[in-house]
Amino acid sequence: MCEDDHGHEYGRDHGHDHRQERTGIGRRAVFVTGAAAALTLGSVSFASAAPWEQRTRTVRGTLPPGSPDFVYVPVEVPRGVREIHVAYTYDRPAVPAGTQGNALDIGLFDERGTELGGRGFRGWSGGARTEFSVRADAATPGYVPGPVRPGTWHIALGPYTVAPQGLSYEITVTLTYGEQDEAPRPVYPPERAAGRGRAWYRGDCHLHSEYSDGRYTLAEIAELARAAGLDFINSSEHNTHSAHAHWAGLAGDDLLILLGEEVTTRNGHVVALGTEPGTFVDWRYRARDNRFGRFARQIRRAGGLVVPAHPHATCIGCNWKFGFGEADAVEVWNGAYTPDDEVALADWDGMLVASVRDGGRDWIPAMGSSDSHRSPDVIGRPQTVVLADDLTREAIQDGIRAGRSYVAESSQLSLSFTASGGRGEHAGIGERLRVADDTPVTVRLEVTGAPRCTVRLVTDQGVLFTGDPLPVSGEGVVEWRTTASYAAYVRAEIRHETAAGPVPGALAAFTNPVFLGR
């Protein structure tokens with residue numbers, strides 16, 4: 001989720017030669033891109049200096065309510081610069097109850113420009129940091145190291161919310177001059193781990209670290225993922241791929257690390273799952289701009305899956321407004337089970353019913369991920385359990401895309417869910433049992449690790465079976481008989497007792513459907 005002013009300070013001496021430039025309304029130029037406007041301010045210029053000297057400029061201004069989504073501050077960088085350091089502050093005036101206060105995100109683009117697509121992208125920290133640095137051999141987490149070339153760089157401001165009084169900000173830019181060190185060659189984690197052949201593999205595909213607005217280090221995430229019994233994870237920092245080159249030493253035969261991004265737009269978030277290393281996906285558009293399809297295709301060209309995240313989340317800009325025509329899967333369960341997850345589950349079930357009209361060919365599988373940021377967020381709650389041919393990027397993605405998966409609150413819970421016909425026909429999760437409409441079908445669910453939970457079987461008609469609570473051992477078997485004419489699909493839900501959790505009967509697990517009929 002989007003959060004403000006979380007993260008670590010990157011302290012340093014700002015140097016000398018402090019000069020100030022007031023940036024006001026009159027210095028802005030408005031550039032319209034699609035349905036959204038981007039605002040560019042007057043540029044900040046620096047002269048050349050001797051090696052190891054520093055030069056600092058400070059810019060102040062005020063953004064009014066209704067400001068564009070993105071405001072760019074051009075910075076003229078001369079030759080001979082070793083490092084760029086940016087620090088910023090903004091005011092947080094008191095506002096009436098129910099009124100949004102100020103929240104200002106920040107990022108950086110280099111001399112290649114700010115055009116949509118991100119060719120000049122050098123980093124984004126949202127509201128998680130108050131300062132950052134970029135140089136050839138290193139960068140603050142969230143930012144990408146690389147040469148500091150001369151030209152017009154841009155500080156990108158994102159006024160996430162603006163108070164009625166306006167948003168007053170101050171940006172301090174410090175250049176350090178001198179010879180640049182050599183840029184490191186990125187090393188990425190392998191696309192294969194030591195799997196068990198065709199088997200069920202557990203993963204958490206939505207996680208955050210200090211490389212965006214999380215508190216976990218990458219090493220802590222890897223350790224907690226192993227402790228949670230996970231076989232794979234997906235790197236998904238907000239609007240940056242900067243963590244990709246830092247995962248290699250944390251992967252292993254027991255943990256596959258996929259690389260991606262949480263593309264955090266103003267009209268919803270989407271997880272790019274398992275893209276090629278170093279893939280950056282732009283987020284600077286809204287649904288009304290009609291540009292999401294372009295970036296969904298980019299994700300797929302980079303070998304990734306398009307997964308809308310927490311589609312009914314209540315935070316500003318978090319719920320999904322782009323439709324599901326481009327989705328490979330949808331994140332139905334996000335973190336601790338809450339009312340918005342219950343709404344997402346019902347909405348997804350409605351999409352399953354709609355897919356029955358074309359024989360279930362275009363149904364969208366469901367997933368679950370923790371969206372963990374910091375303790376006490378639990379990595380692996382929930383987790384997606386995928387039937388895959390091996391523990392490789394491609395095999396895991398194939399299983400997710402096909403819907404051969406279920407979602408569980410922890411690795412303690414396992415299940416098997418099948419449907420069979422009278423002549424030995426057999427189908428599992430995400431598959432179709434091809435039988436005549438009147439052929440008797442037996443649906444069988446085996447559960448372990450779900451003490452006192454209740455099993456529900458859900459079809460296109462709704463909940464058609466509710467079992468008694470499972471014993472304290474957490475093990476149980478449920479069988480139910482139906483026909484394809486009565487149930488176009490069947491999926492299972494395992495729910496806690498009514499008194500447990502923030503939602504009455506909160507989920508412990510659920511499956512993707514088994515479709516019935518020809």
Name of the residue among [options] meeting side-chain contact (heavy atoms from CB on, under 4.5 Å) with [X]:
X      : options                        : value
Asp204 : Leu230, Val378, Ile221, Leu224 : Leu230
Ile429 : Leu387, Leu415, Val385         : Leu415
Val86  : Thr172, Ile171, Thr140         : Ile171

Does one side chain, of [X] or [Y], offer a donor that lies under 3.5 Å from an acceptor on the other?
X      : Y      : answer
His310 : Asn319 : no
Ser355 : Asp362 : no
Asp371 : His206 : yes

Leu345 side chain reached by Trp333 side chain, heavy atoms, under 4.5 Å: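 The answer is no; the side chains never approach within 4.5 Å.
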
Heavy-atom check, side chain of Ile400 versus side chain of Asp328, under 4.5 Å: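 No, every pair of side-chain atoms sits at 4.5 Å or beyond.
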
Sub-6.0 Å ring centroid separation between His85 and Phe132: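 They do not qualify: ring centres at least 6.0 Å apart.
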
Arg381 and Glu409 ion-paired at < 4.0 Å: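 Result for this pair is no, no salt bridge flagged.
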
Salt bridge flag under 4.0 Å for residues Arg284 and Glu115: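 Looking at Glu115 together with Arg284, the answer is no, because their closest N to O distance does not fall below 4.0 Å.
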
Residues forming a salt bridge (Lys or Arg N to Asp or Glu O under 4.0 Å) with Glu220, sequence neighbours excluded: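 Not a single residue meets the salt bridge (Lys or Arg N to Asp or Glu O under 4.0 Å) criterion with Glu220.
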
Test salt bridge (Lys or Arg N to Asp or Glu O under 4.0 Å) applied to Glu394 - qualifying residues, sequence neighbours left out: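 Testing Glu394 for salt bridge (Lys or Arg N to Asp or Glu O under 4.0 Å), a comparison that skips the adjacent residues, returns none.
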
Sequence neighbours excluded, every pair satisfying salt bridge (Lys or Arg N to Asp or Glu O under 4.0 Å) that has a member inside residues 228-237: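 For residues 228-237, and leaving out neighbouring residues, the salt bridge (Lys or Arg N to Asp or Glu O under 4.0 Å) pairs sorted by first residue read Arg196-Asp231.
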
